[in-house]
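Remarks on the structure that follows.
Note on naming: letters A, B, ... go to the chains in the order of the sequence lines (proteins, then strands), and numbering restarts at 1 for each one.
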2 protein chains.
Amino acid sequence: MSAELPEIPEFSPRQNAVLEQALKLLVEGGEKALTTSGLARAANCSKESLYKWFGDRDGLLAAMIAFQAAKVRTFERGAARLTVDLLRENLETFGRDLLEVLSGDVSLALNRLAIGQASREGSKLGRLLIEHGRRQIDRRAIGLMEAGRRAGLLRFTDADSAYHTLYGLVVSDLHVRMLLGEPGLKDNARQAARAVDAFLQLYGVAPDTEHA
Amino acid sequence: MSAELPEIPEFSPRQNAVLEQALKLLVEGGEKALTTSGLARAANCSKESLYKWFGDRDGLLAAMIAFQAAKVRTFERGAARLTVDLLRENLETFGRDLLEVLSGDVSLALNRLAIGQASREGSKLGRLLIEHGRRQIDRRAIGLMEAGRRAGLLRFTDADSAYHTLYGLVVSDLHVRMLLGEPGLKDNARQAARAVDAFLQLYGVAPDTEHA
DNA sequence: CCAGAACCGTACCGTACGGTACTTGTTGGA
DNA sequence: TCCAACAAGTACCGTACGGTACGGTTCTGG
């Protein structure tokens, strides 16, 4: 009853264009700006087609999430023979990418949408968002964790726990603040670097020789 | 044009009862369940009174946030002569309280409300929520940080940065996950303890003598 | 050349909400 | 005792949305 990987629906090019327009409307004006009539007008299609393709409004929202997730495919870094510097660089790149994704317009809009919908209907969209949007980035991070351990550079018992520590150090309460409307950081790289410093202090196996 | 501390409006008992009922409706059914007609019916008052008291629907939502924030007044712990064990205990208590607050029904409902509203209208509710809801808990934590430093138990240059590190270690992505509809942790205390362990490893001045 | 499907544009329907107006008590002070 | 203020309850209005139906047009395959 879990992870049956239900074959990404694969929409037609026309439907992709409509979904793109839907995301644009959502980003510009929030959920209340995404009406079926408005989308039909903006995308030059008929409401009848919308309902034929996506069933109802909730189906449209779910399709938007699946569509966006399919676009933001993360790329696994080739884990060629990790050194401590290479590990640090990979971790910092991950942190920067994470902050970049979380502060993106579309990501924020979709998260706001799913959160606003989460009260009713068993948070169907929320689960969808976590499944589709998070799984890939989680796997990339955990891959990094375990590569670091295999290379003798990290020490931990639970990779998932270590990853969540890294996540917390990188993101802190920034995601929620941005969801609430606050601006993001000026320098994601700096934040990522500081987070990785702390992370390596906690989980790195080679103690820092310099401790000013 | 910032932080003018606009005297908490202080509602009448009758209005407090109405706001209480409004929060109840919001928690039970989300934003779409909180209609002016529904609230009037549930609270045995007239819509006309609602509009006289709160102006319009947005005013009602703002009043709900102010009302809830006024209820959840945090209590400053008396910082009597900190020892390392006392500091750890205070930090863990803070972490538990933080998780407790963030996972509360009303908190989640209000955050969902403000986030869902954040796209349009300059995120007025979001700012209100951060102002009213966060300031107190932030001050409590920063007070703890600086007490720890004064007692020679913590070392950091920026208390705010240290606090955000602690926040990230305690909360990680849990808040967003709960906002999306996932259940909370089974054991907040365990999570707080682990977070404080890591935090002290990063900022504690006395190195742990035991490192099993 | 034609039939059928797909689709656009528009008009339409039912409903539900935010907000206003009005009537009917109820209270409290002069 | 009367009156002014307040509030409950209800009825009402305009609007806007989700969803459906229909006529006209383009595309496709035989």
Side-chain angles (χ1 to χ4, degrees), chain A residues 9-65 67 109 112-114 116-121 124-125, chain B residues 9-65 67 109 112-114 116-117 119-122 124-125:
Chain A
E10 285 291 332
F11 304 110
S12 78
R14 179 78 180 106
Q15 291 167 6
N16 283 348
V18 171
L19 291 173
E20 194 75 53
Q21 186 65 43
L23 286 176
K24 191 173 172 186
L25 287 179
L26 182 69
V27 167
E28 285 171 357
E31 173 169 10
K32 67 154 277 180
L34 183 65
T35 68
T36 54
S37 307
L39 176 57
R41 204 178 318 120
N44 291 322
C45 74
S46 71
K47 286 173 68 174
E48 198 165 10
S49 298
L50 292 181
Y51 283 95
K52 169 173 290 192
W53 293 335
F54 307 112
D56 59 1
R57 190 171 184 273
D58 286 345
L60 171 68
L61 302 181
M64 289 168 64
I65 290 180
F67 172 67
R112 289 198 184 107
L113 175 67
Q117 201 100 343
S119 328
R120 66 183 210 107
E121 202 198 343
K124 188 167 152 296
L125 285 186
Chain B
E10 285 292 333
F11 304 109
S12 77
R14 178 79 179 106
Q15 291 167 7
N16 283 349
V18 171
L19 290 173
E20 193 74 54
Q21 186 65 43
L23 286 176
K24 190 173 171 186
L25 287 179
L26 181 69
V27 167
E28 285 172 356
E31 173 169 11
K32 69 153 277 181
L34 184 63
T35 68
T36 54
S37 306
L39 176 57
R41 203 178 318 120
N44 291 323
C45 73
S46 70
K47 286 172 68 173
E48 197 166 11
S49 299
L50 292 181
Y51 283 94
K52 169 172 291 192
W53 294 334
F54 307 113
D56 58 2
R57 190 170 185 272
D58 286 346
L60 172 67
L61 302 182
M64 289 167 64
I65 290 179
F67 171 67
R112 290 196 183 108
L113 175 66
Q117 200 100 341
S119 329
R120 70 185 207 105
E121 202 197 346
K124 186 167 156 296
L125 286 186

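- Taking the nucleotide of DNA chain D with the nearest heavy atom to each of B:Gln15 and A:Leu34, the more 5' of the two is matched to B:Gln15.
- Comparing D:dG18, C:dC7, C:dC8 against the side chain of A:Arg14 picks out C:dC8 as the nearest.
- For B:Glu48 and C:dT26, the CD to C1' distance is 16 Å, given to the nearest whole Å.
- In A:Arg120, the CZ atom is crowded: over 12 heavy atoms of neighbouring residues, nucleotides or ligands sit closer than 6.0 Å.
- Distance A:Leu39 CG to C:dG9 P: 12 Å, rounded to the nearest Å.
- Atom NZ of B:Lys32 is separated from atom C1' of C:dC17 by 11 Å (rounded to the nearest Å).
- Between B:Thr36 and the phosphate of C:dG18, there is a side-chain N or O to OP1/OP2 separation shorter than 4.0 Å.
- The side chain of A:Tyr51 sits closest to D:dG19 out of C:dG18, D:dG19, C:dC7.
- Taking side-chain N and O atoms only, A:Trp53 has no distance below 4.0 Å to OP1 or OP2 of C:dA6.
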- request: Test side-chain contact (heavy atoms from CB on, under 4.5 Å) on A:Arg112 and A:Leu26 and set out the steps.
  value: CA-CA 10 Å; A:Arg112 289 198 184 107; A:Leu26 182 69; over 6 Å; no

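- When rounded to the nearest whole Å, the span between CD of A:Gln117 and C1' of D:dG18 equals 13 Å.
- Note on A:Arg41: nothing from the nucleic acid sits closer than 4.0 angstrom, heavy atoms only.
- The NZ-C1' distance, from A:Lys52 to D:dG19, rounds to 15 Å in whole Å.
- Closest non-hydrogen pair, A:Ser46 versus A:Ala40, comes out as C-CB, 4.1 Å.
- To the nearest angstrom, P of C:dT20 lies 15 Å from CZ of B:Arg57.
- Listed pair B:Ser49 / D:dA7 fails the phosphate criterion, with no side-chain N or O lying under 4.0 Å from OP1 or OP2.
- Side-chain proximity of A:Lys47 to D:dG19, C:dT20, C:dC8: nearest is D:dG19.
- Between A:Leu34 and A:Leu61 there is a side-chain heavy-atom pair separated by less than 4.5 Å.
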task: Quick one: do B:Phe11 and B:Val18 satisfy side-chain contact (heavy atoms from CB on, under 4.5 Å)? Show the steps, please.
output: CA-CA 10 Å; B:Phe11 304 109; B:Val18 171; over 6 Å; no

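- For A:Asp58 and D:dC17, the CG to C1' distance is 14 Å, given to the nearest whole Å.
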